[in-house]
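Working notes, beginning with the structure itself.
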Number of protein chains: 2
Amino acid sequence: MARISEVAALAGVSTATVSRALNGKSTVDPELVARVRKAADELGYQPNGPARNLRRQEAAVVALIISDVENPFFTAIARGVEDVAHEVGYSVVLCNSDENADKENRYIDIAIQERVAGVILSPTGTTSSVGKLVTRGTAFVAVDRPLPEQESDVVLVDTRLAARQATAHLVAQGYNRIGCITGPLGVRTADDRLAGYRDALKSAKRRSTTKLVRRTEYKAAGAHRAAQELLNQEEPPDALLVANSAMAVGVLQALQEHGTRPGRDVGLVAFDDAPWAELVDPPLSVVAQPAYEIGTVAARLLLARIADNTRPPTTTTLGARLIERGSSHRG
Amino acid sequence: MARISEVAALAGVSTATVSRALNGKSTVDPELVARVRKAADELGYQPNGPARNLRRQEAAVVALIISDVENPFFTAIARGVEDVAHEVGYSVVLCNSDENADKENRYIDIAIQERVAGVILSPTGTTSSVGKLVTRGTAFVAVDRPLPEQESDVVLVDTRLAARQATAHLVAQGYNRIGCITGPLGVRTADDRLAGYRDALKSAKRRSTTKLVRRTEYKAAGAHRAAQELLNQEEPPDALLVANSAMAVGVLQALQEHGTRPGRDVGLVAFDDAPWAELVDPPLSVVAQPAYEIGTVAARLLLARIADNTRPPTTTTLGARLIERGSSHRG
DNA sequence: TTGAAAGCGCTAACAA
DNA sequence: TTGTTAGCGCTTTCAA
């Protein structure tokens with residue numbers, strides 16, 4: 001593979017000039033730039049990234065560590081990040097932590113080792129290994145979930161309020177025994193959605209009982225089991241707040257198997273506006289989160305922090321939007 | 001950030017010994033290994049990746065360039081690749097080409113610059129810039145779609161056969177005017193699915209007419225328009241073969257708006273077994289592709305090629321499976 | 001405006 | 001088994 005010295009030789013200049021010419025540095029004779037370009041093209045020259053990054057002590061790369069590549073909420077965030085990062089010449093590498101603290105930790109180590117310019121991550125929540133980033137001074141931004149230590153920029157959705165509104169909507173529709181299927185204990189969004197659900201029951205003067213609450217992985221299978229359990233209880237719920245769209249799949253399956261019709265028999269609101277939400281019968285009421293915007297905001301914050309790591313940390317909270325459809329109406 | 005020389009100083013050994021100890025090289029006194037480990041821990045030492053990669057002339061990274069991060073088919077491939085790569089200590093960086101030859105090209109350049117060990121990609125199909133990889137001797141494997149030049153390993157699904165079987169199934173169910181909504185001209189899977197559709201019509205002695213065929217982006221919006229057009233024709237189709245699950249969303253929407261019931265009014269089979277396929281009414285018949293397996297096979301082929309780039313190129317073709325559900329039955 | 005040369009941090013060849 | 005040292009390819013002072 002061609003090296004910079006070969007380009008220099010072919011163009012009849014020094015390697016320093018090649019470097020300057022190719023990196024668009026101010027002061028190079030235009031004629032030399034042309035000669036260098038031509039030589040580089042002829043040789044199919046591609047700069048050696050590791051060498052460049054070693055010398056520069058930083059790579060124009062941001063790492064995005066998300067907890068589930070198969071969750072459209074996170075892939076939408078990824079698009080937001082990409083679009084902003086690419087505008088300013090950064091590459092984005094996507095890493096899938098799978099809601100697993102070990103994998104998260106591993107990817108953080110890799111990000112540090114590769115000397116990426118910054119990291120955006122949705123922390124798994126447990127013993128966040130993010131401390132390493134802080135001590136090393138690597139710029140980073142948390143998305144979707146705050147960090148326990150909270151020493152950084154973070155982009156959140158007011159998910160507790162959204163859960164409260166969704167639950168209040170179910171109350172207003174006349175449902176009486178409203179249940180909740182949410183994510184694992186310790187995952188902040190899961191906790192917040194549960195808290196919002198309880199907030200709403202409280203202001204409606206409903207008793208909230210743990211019998212109507214289930215916590216499970218943010219996946220279809222867990223939610224499926226949880227819904228089955230709830231439905232088979234002596235006093236089953238007549239409505240459910242479901243904490244994400246993968247879970248909604250499991251819940252809808254369970255309802256189907258149980259011969260229970262959403263809306264009429266069991267009111268339903270789920271987080272995340274999946275593309276298929278309008279296709280099921282009745283259409284699924286959802287809490288739509290501004291995922292793409294989370295990504296763009298996070299990327300801009302990260303770029304600002306890369307430029308100046310002394311900025312005070314900020315918290316950006318975006319709103320979610322309840323979209324009422326048939327699954328939360330008795331009619 | 002701590003350097004290897006600091007670890008060496010603290011442990012009272014040379015940098016070479018630190019390097020050997022930390023990389024698990026055969027011959028180091030166990031006692032020294034312990035001392036080095038301790039020193040490294042104390043300093044929070046993380047090796048400098050660019051320096052290591054520069055020296056080694058290769059990074060233990062494989063780049064996976066897929067055409068749509070939001071398509072579950074590709075994210076499932078990504079999981080397969082990850083699982084295999086991680087087993088042998090490689091990291092995977094995921095890049096989203098967005099079905100855009102420029103972005104694909106850009107990511108290929110980056111992969112070359114970063115000296116990744118190998119590349120797995122679903123080529124956009126046009127003027128594949130993959131040639132660069134070949135000339136540079138970077139290992140790579142194509143997935144989902146073959147390359148025009150075809151000088152490499154490739155993992156495919158027999159999508160033409162699958163399309164043929166799906167169409168034959170619609171014929172067998174008594175549908176007469178079967179249409180097809182497929183992806184853009186030049187995208188191989190789109191072409192193949194159309195060809196399989198035509199194969200089936202031919203063996204069933206049905207006339208195939210371009211009036212019942214539409215080509216569009218592999219997205220919901222395009223398929224939605226296409227379905228509307230088809231339905232508003234004088235002689236609308238009474239069945240449709242749809243080339244992926246994002247498109248199926250658009251088509252189902254169009255049918256809903258048109259007051260047309262899948263199965264009874266318009267038979268429907270779509271590619272890709274989305275998690276929601278069983279939730280719509282009637283459940284959607286699909287062609288399930290072995291996406292995860294594509295990923296694992298591709299990753300293993302890539303590893304083999306990294307180890308030995310002189311292997312003859314292979315083509316692996318996996319089968320797809322037709323899952324008949326309500327949307328392709330008149331009853 | 002250009003070139004010579006140092007040096008980023010690591011690994012591996014060679015020497016001891 | 002361990003240490004010394006060269007050098008991976010680039011960018012960037014410093015000098016001309």
Side-chain angles (χ1 to χ4, degrees), chain A residues 1-37 39-40 43-61 89 109-110 112-117 136-138, chain B residues 1-37 39-40 43-61 89 109-110 112-117 136-138:
Chain A
M1 235 175 294
R3 301 189 308 285
I4 197 172
S5 58
E6 302 175 39
V7 178
L10 184 57
V13 298
S14 72
T15 60
T17 299
V18 174
S19 173
R20 287 191 278 247
L22 259 26
N23 289 303
K25 283 289 190 294
S26 42
T27 53
V28 188
D29 186 323
E31 200 232 326
L32 282 193
V33 174
R35 244 162 60 201
V36 168
R37 285 250 170 73
L43 296 169
Y45 172 70
Q46 295 271 25
N48 181 311
R52 159 181 288 177
N53 296 336
L54 172 58
R55 176 63 228 229
R56 290 205 179 141
Q57 298 284 60
E58 182 171 287
V61 170
D109 282 349
I110 292 175
I112 291 172
Q113 287 175 14
E114 296 305 321
R115 305 310 196 247
V116 300
R136 286 199 162 59
T138 303
Chain B
M1 237 177 294
R3 301 190 306 285
I4 197 172
S5 58
E6 304 175 38
V7 178
L10 184 59
V13 297
S14 72
T15 60
T17 299
V18 174
S19 174
R20 285 190 280 249
L22 261 24
N23 290 302
K25 281 291 189 296
S26 43
T27 53
V28 188
D29 186 325
E31 199 232 326
L32 282 192
V33 173
R35 254 178 33 216
V36 168
R37 284 249 171 75
L43 296 169
Y45 172 70
Q46 295 271 25
N48 182 310
R52 160 182 285 175
N53 296 336
L54 172 59
R55 177 63 229 224
R56 289 206 179 140
Q57 297 285 59
E58 183 171 287
V61 169
D109 282 348
I110 292 175
I112 291 172
Q113 286 175 12
E114 296 306 321
R115 306 310 197 246
V116 301
R136 286 197 162 60
T138 303

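Each chain gets a letter, A, B and so on, in the order the sequences are listed, and its residues count up from 1. These numbers were taken from a predicted model, which means no experiment stands behind them.
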(message) Can you tell me if Thr17(A) touches the phosphate of dG3(C), counting only side-chain N or O atoms and a distance under 4.0 Å to OP1 or OP2?
(response) yes
(request) Starting at atom CG of Asn53(A), determine the distance to atom C1' of dG9(C), rounded to an integer number of angstrom. (result) 13 Å
(request) Please tell me which of the listed nucleotides, dC10(D), dA5(C), dT11(C), lies nearest to the side chain of Ala16(A)? (result) dA5(C)
(message) Measuring from the side chain of Arg20(A) (C-beta onward, heavy atoms only), which nucleotide among dT4(D), dG3(C), dT1(C) has the closest atom?
(response) dG3(C)
(request) Report yes if the side chains of Gln46(B) and Asp109(A) come closer than 4.5 Å at any heavy-atom pair, otherwise no. (result) yes
(message) Which is more 5' along DNA chain D, the nucleotide nearest Arg115(B) or the one nearest Gly12(B)? Just name the residue.
(response) Gly12(B)
(request) Verify, without hydrogens or angle tests, whether Asp29(A) (side chain) and Glu31(A) (backbone) share a donor-acceptor contact under 3.5 angstrom. (result) yes
(request) Tell me which nucleotide among dC10(D), dG3(C), dA12(C) gets nearest to the side chain of Pro47(A). (result) dC10(D)
(message) Expressed as a whole number of angstroms, how long is the span from Leu54(A):CG to dG7(D):C1'?
(response) 12 Å
(message) Taking the minimum atom-to-atom distance to the side chain of Ile4(A), which one of dT11(C), dT1(D), dT11(D) wins?
(response) dT11(D)
(request) Can you measure from CZ (Arg56(B)) to CG (Asn23(B)) and round to the nearest 0.5 angstrom? (result) 5.0 Å
(request) Check whether any side-chain heavy atom of Met1(A) sits under 4.5 Å from a side-chain heavy atom of Ile112(B), and report yes or no. (result) yes
(message) So, OP1 or OP2 of dG9(C): does either fall under 4.0 Å of a side-chain N or O from Gln57(A)?
(response) yes
(request) May I have the distance from Arg55(A) (atom CZ) to dC8(C) (atom P), rounded to whole angstrom? (result) 8 Å
(request) May I have the distance from Arg56(A) (atom CZ) to dT13(D) (atom C1'), rounded to whole angstrom? (result) 15 Å
(request) Give a yes/no on whether any side-chain N or O of Asn23(A) is located under 4.0 angstrom from OP1 or OP2 of dT11(D). (result) yes
(request) For Arg136(B) and dG9(D), give me the distance from atom CZ to atom P, rounded to whole Å. (result) 13 Å
(message) In whole Å, I'd like the distance from the CD atom of Gln46(A) to the P atom of dC10(D).
(response) 11 Å
(message) Can you tell me which nucleotide in dC8(D), dT12(D), dC10(C) comes closest to the side chain of Asn48(B)?
(response) dC10(C)
(message) Let's see if you can work this out: which of dT1(C), dG3(D), dG9(D) has an atom nearest to the side-chain heavy atoms of Thr27(A)?
(response) dT1(C)
(request) Let me know the distance between CD of Glu58(A) and P of dC8(C), rounded to the nearest Å. (result) 18 Å
(request) Could you tell me the separation between the CG atom of Asp29(A) and the P atom of dT2(C), rounded to a whole number of Å? (result) 5 Å
(request) Pick base, sugar-phosphate or nothing for Pro50(B), based on heavy-atom distances below 4.0 Å to the nucleic acid. (result) nothing
(message) Using side-chain heavy atoms (C-beta onward) and a distance below 4.5 Å, is Val13(B) in contact with Arg35(B)?
(response) yes
(message) Heavy atoms from C-beta onward define the side chain here; which of dT11(D), dA12(C), dG3(D) lies closest to that of Ser14(B)?
(response) dG3(D)
